[in-house]
Amino acid sequence: MSALPNRRVEDWKYTDLRNAIEGEAVASAPVARWSVTLSGTVEQNELPEIMARGTHGEMGTVAAAHAKSGIFLHVGKGEQGTVHLELSNAGHGRALIVVEEGASLTLRETMSVGDFSNIAIEIVAGPNAQLHHIREANADGESVRVSDYSIRIAQGATYRAHFADFGAKLSRTELHIALEGEGAEVHLSGVSVLGDGGHADVTTRVTHSAGNAQSTQLFKLIAGGKSRGVYQGKVSVAEGANGSDSRQTAKGLLLGERAEIDLKPELEILADDVKCAHGAAIGDLDPESLFYLRSRGVAEPEARALLMRAFLEDAVAEITDEDIRAEVWSHVEAALAELTA
Amino acid sequence: MAALETREQVAALGEKYKYGFVTDIEMERAPKGLSEDTVRFISAKKGEPEWMLEWRLGAYRRWRQMREPTWARVHYDPIDYENAYYYAAPKSAADGPKSLDEIDPKLIETYNKLGIPLNEQMLLAGVAVDAVFDSVSVATTFKEKLSEAGVIFCPISEAIRDYPELVKKYLGSVVPVTDNFFATLNSAVFSDGSFVYVPKGVRCPMELSTYFRINAQGTGQFERTLIIADEGSYVSYLEGCTAPKRDENQLHAAVVELVALEGAEIKYSTVQNWYPGDEEGKGGIYNFVTKRGDCRGARSKISWTQVETGSAITWKYPSCLLRGDDSVGEFYSIAIANHFQQADTGTKMHHLGKNTRSRIISKGISAGQAQNTYRGLVSVHPRAANARNYTQCDSLLIGGKCGAHTVPYIESRNKSARIEHEATTSKIAEDQLFYCLQRGIPQEEAVALIVNGFCREVLQQLPMEFAVEAQKLVGISLEGSVG
Amino acid sequence: MLEIEGLHVAVSGKEILKGLSLSIAAGEVHAIMGPNGSGKSTLSYVLAGREGYEIISGSIRYRGEDLAAMAPEERAAKGVFLAMQYPVEIPGVTTMNFLKTALNAQRRARGEKDIDALGVLRLVREKAKALHISEEMLKRALNVGFSGGEKKRLEILQMALFEPALAILDETDSGLDIDALKVVADGVNGLRSSERAMLVITHYQRLLNHIVPDRVHVLYGGRIIKEGGKELAHELEAKGYAEIIREAA
Ligand SMILES: Nc1ncnc2c1ncn2[C@@H]1O[C@H](COP(=O)(O)OP(=O)(O)OP(=O)(O)O)[C@@H](O)[C@H]1O
Ligand SMILES: [Mg+2]
């Protein structure tokens, strides 16, 4: 393969992979493995090599080339199911998940291994399908992990996803999402809670190729210590995709003296009957709120923790599955406790 | 600000680009193409000292090793740098600006037609003008009045001769010779532009302005402007630009450097109306411009206001280096792209000092088949405690064939800094349009009215004398975009 | 002045007006009452020529001409004025400038000379005073941040300024306080003449105490189901729509 993506490549400006890992280590990484837990009507099969055809970024393409085998999950028309993917062996991995017309799936992803992982996942949501995806990446200052998703959403289907990232030596989550049918919807949210030397980069590319589709994004980043939080989001509306509605919000809270947050919310609009907006902000905790709480007798560390939770609240609330939300929230609480300790 | 004169603006339309005429005047040019000899020719024409020639040659050699940038969202056929003239001047103006009554009447007439009478009595009171025609300055008005206040306002070629120490100290100190492809090209072949020095504590008694005119065929214009506001001083400067209608594309690669020392303030306004090309996208100016201001001293302030309606291609990012503590940078922009125009413009705010503040207001309008991109950077350095930025970036689309793009980079490395950015993209609201129609306002006028309202916050930043002109331009630029 | 016959109108493919007939002679004031969603605003938009209101069948004649064939701004210049139920905000365009632009556009369309800025200012001031509209409001962007009542008053100011031949007031009374209601009614009554006609859409009998109508129509389901003299408004107030609808059925 050619040189690893680095900061001279526009899309990797804030995430220098070449700096984090040797090209040799990438080339010689093994094939990743998951432990898979299924319920409901989900079929699991070996993924034939030929089947990867999503639009991936640089590293997704590398993963697809290296991972000879992979997993293929299928939810048939009108069926329902849940899947838990736990990454058990690091390396290059590949998966295809197809949710047929009118079917629904709750997909949960977690990882418990370090080292180098590079995962390419392709998701296809058929007409009127419902997909709820929650991914959590634990704090691991040693590991380098790249996940590259290619997601196609058909008419009337909804893809709702949440990405909770607690930081790695380098962590990159890349989402290539195409709203391909009228009335398709995507709702992305996420929290990055980073301490010390952690890094987390969420890069989204949402394309409205059909009209009357809707996309929302809500990402919250907290960067303590000398960590670095990155959000790059690009929303494109293709020519003729009238009635597109898109809203994008990215907010960062800088807590560490040597921390950095970089936001790049991008709009590329080629149709005129659209409503698109984005907002981005970076700051510290609001001193007035802090003062207010303290004047009511709340001690400073507690007041700070309270405000940080409040800052993350609405993004986590985007997780509709109550049990999973509670679990993610408990991990967020733990990460915050560590940050403020 | 005066009320929007929408009615008048539409009535005054007549011809779409009314500055498209050519002045028939005998010209002197450098030989075609670009070489060390071209650079020497230009330097000799200007009677420059040796150090200036060396500076240019250094830039030229460097440029030969550089590549044209490709990251902007603009597309054009490769520019043949060997097939252009880098110097063209009316023969009658070869020795630089003369006293006003000695100027070639053809030039006087040209500027009259452009609405810039060079006769001091006829000029807008309170505005001094430097008129640049292709590669030379042909007149500078109110020089005496300004020098009474100690303000230097002259063509840059004159400044190189008369104020070498100031020029040596500041030229290239904000935009280094090697900054970027077009800036380096400019450093090698720049012809004329304005030089302004406002001494300590002086509030410049009048608006300063430069009027750039491209006239000659096959010629690029490479203006260079340098403005220095010494401690505690204030100056407001405005530039305007036009060019004849031609089928060929002409290159305009300017460099503007601003230096604001402690407590000084510079207000820089641009009304850019270079020929945009015709309705089929033929012809028009390539406007590749590097503008940067350095808030070098504490409590200094630099404010950019631009109304960009012309040019086939605009590539321009007026920026601020906020180095002094408590310094302030502002960027107010209207960019209109119609027919086949392409604009990629925005700003960079580098927060380096403590308590630095910046504000960005950008209004982009796309119509026809045009592409309009806002590209901006707000960066907060670790030292820039309590830095503040506010950005509002709105795009309006007229018709389904054009594009509006927003590419902001927001980078913070100081925890006490606060950055806020908002952006919207939408089409002209149908209910607003209907409301205007119902009250009897015809479609085209209604669009001009609504767009002017959309741009108001920026128009208000312009000096009074130019605000009305700019409003008219907004209406004219959008002609033929509806119905 | 206005003759509407068998008018069927659809919005986004949905038929809203279903055979509406109505005729107003010069010098008359007619009131239209009807429950929410009955099609009152739809009728007013059709008369003003808003895009997206598709006339399926029927005719609208205004002073003998086919109104439907005219562009909205042409109708305005010919004296059709619609005071909207929800006046639109236009950021950045000052109210005064808007009034001047509109007034002169209409004049020009009629082949009359422009009135200069000062003349317009004088005219507007005089009308604004009568309507208790402050000078400060005229300097602000059109309707932006205006209260509900202020927006309505500004609509009436425009009516007074343009002196239309046919004024349609769509719920101009809702959102007005008691004093403002009186002021607005005075404004309307001041314009009443043998050359003008008015169509007043309202939910409340209260307004009709001040602006006494010649005829009252009840609109329901896209059709006029009942009409009568000014006493019909009292009857409606007393019985409510349900009973009137039952009677008409
Ligand atoms: N664009 C549209 N698409 C579908 N239905 C519409 C549309 N616009 C209006 N309607 C419907 O047409 C009907 C008549 O609306 P209209 O606004 O004319 O009612 P109205 O009599 O003025 O009511 P109100 O008293 O509440 O003002 C309503 O049922 C409304 O929902
Ligand atoms: Mg209504």
Side-chain angles (χ1 to χ4, degrees), chain A residues 10 13-14 211 221-226 228-287, chain B residues 70-71 73 364 366-383 385-430 481-482:
Chain A
E10 175 65 20
K13 193 175 160 63
Y14 302 117
L221 292 70
I222 294 186
K226 35 187 212 295
R228 185 173 198 177
V230 178
Y231 167 81
Q232 310 185 92
K234 180 169 177 177
V235 174
S236 304
V237 176
E239 202 176 320
N242 285 325
S244 292
D245 189 339
S246 157
R247 177 159 292 280
Q248 204 184 354
T249 304
K251 288 191 175 166
L253 205 53
L254 260 184
L255 300 180
E257 297 293 342
R258 294 170 63 199
E260 170 166 354
I261 288 181
D262 305 301
L263 308 176
K264 189 184 167 204
E266 213 178 315
L267 288 170
E268 181 185 55
I269 313 294
L270 293 163
D272 69 331
D273 190 5
V274 300
K275 267 207 298 257
C276 296
H278 67 227
I282 305 177
D284 193 358
L285 289 175
D286 177 30
Chain B
T70 53
W71 44 261
R73 197 188 175 99
S366 319
Q369 317 221 39
Q371 300 294 328
N372 200 339
T373 304
Y374 168 82
R375 191 182 300 277
L377 167 71
V378 174
S379 136
V380 175
H381 192 269
R383 274 195 295 115
N386 294 312
R388 295 281 181 271
N389 162 267
Y390 174 77
T391 301
Q392 177 75 46
C393 192
D394 298 312
S395 305
L396 205 59
L397 292 145
I398 303 175
K401 290 243 155 61
C402 52
H405 318 294
T406 314
V407 192
Y409 295 77
I410 303 159
E411 306 170 356
S412 181
R413 289 193 283 158
N414 187 294
K415 59 181 260 177
S416 60
R418 274 192 194 195
I419 307 175
E420 260 179 86
H421 170 104
E422 297 286 343
T424 63
T425 304
S426 59
K427 67 170 180 175
I428 281 202
E430 188 268 335
S481 64
V482 285

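Naming: A, B, ... by sequence-line order, numbering from 1 per chain.
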Pair count under 4.5 Å, heavy atoms only, with chain B: among Thr249(A), Val274(A), Leu267(A), Asp273(A), highest is Leu267(A)
Okay, Gln371(B) and chain A: the region with an atom under 4.5 Å from a heavy atom over there is side chain
Give, as side chain, backbone, both or neither, the part of Asp286(A) having an atom under 4.5 angstrom from any heavy atom of chain B.
both
When the 4.5 angstrom heavy-atom criterion is applied to Pro382(B) and chain A, the contacting part is neither
Portion of Ala423(B) that has a non-hydrogen atom of chain A nearer than 4.5 angstrom:
both
Using non-hydrogen atoms only, which part of Glu239(A) is less than 4.5 Å away from chain B: side chain, backbone, both, or neither?
side chain
Counting heavy-atom pairs closer than 4.5 Å to chain A, which one of Arg418(B), Glu422(B), Lys415(B) comes out on top?
Lys415(B)
Using a cut-off of 6.0 Å, state whether more than 12 heavy atoms not belonging to Arg73(B) lie near its atom CZ.
yes
Below 4.5 Å, heavy-atom pairs only: which of Ile410(B), Ile428(B), Thr391(B) has the largest tally toward chain A?
Ile410(B)
So, the part of Leu255(A) with a heavy atom under 4.5 Å from chain B: the answer is backbone
Segment of Leu285(A) engaging chain B (4.5 angstrom heavy-atom cut-off)
backbone
Can you say whether Ala280(A) sits under 4.5 Å from chain B via the side chain, the backbone, both, or neither, judging by heavy atoms?
both
Taking NZ in Lys401(B) as the centre, count heavy atoms belonging to other residues, nucleotides or ligands within less than 6.0 Å. Is the count above 12?
no
Counting only non-hydrogen atoms closer than 4.5 Å, does Asn414(B) touch chain A with its backbone (N, CA, C, O), its side chain (CB onward), both, or neither?
backbone
If one checks every heavy atom of Glu10(A) against chain B at 4.5 Å, the contacting part turns out to be side chain
Among Pro408(B), Ala417(B), Ser426(B), which residue has the highest count of heavy-atom pairs closer than 4.5 Å to chain A?
Pro408(B)
What do you reckon, is NZ of Lys264(A) surrounded by more than 12 foreign heavy atoms closer than 6.0 Å?
yes
So, the part of Tyr14(A) with a heavy atom under 4.5 Å from chain B: the answer is side chain
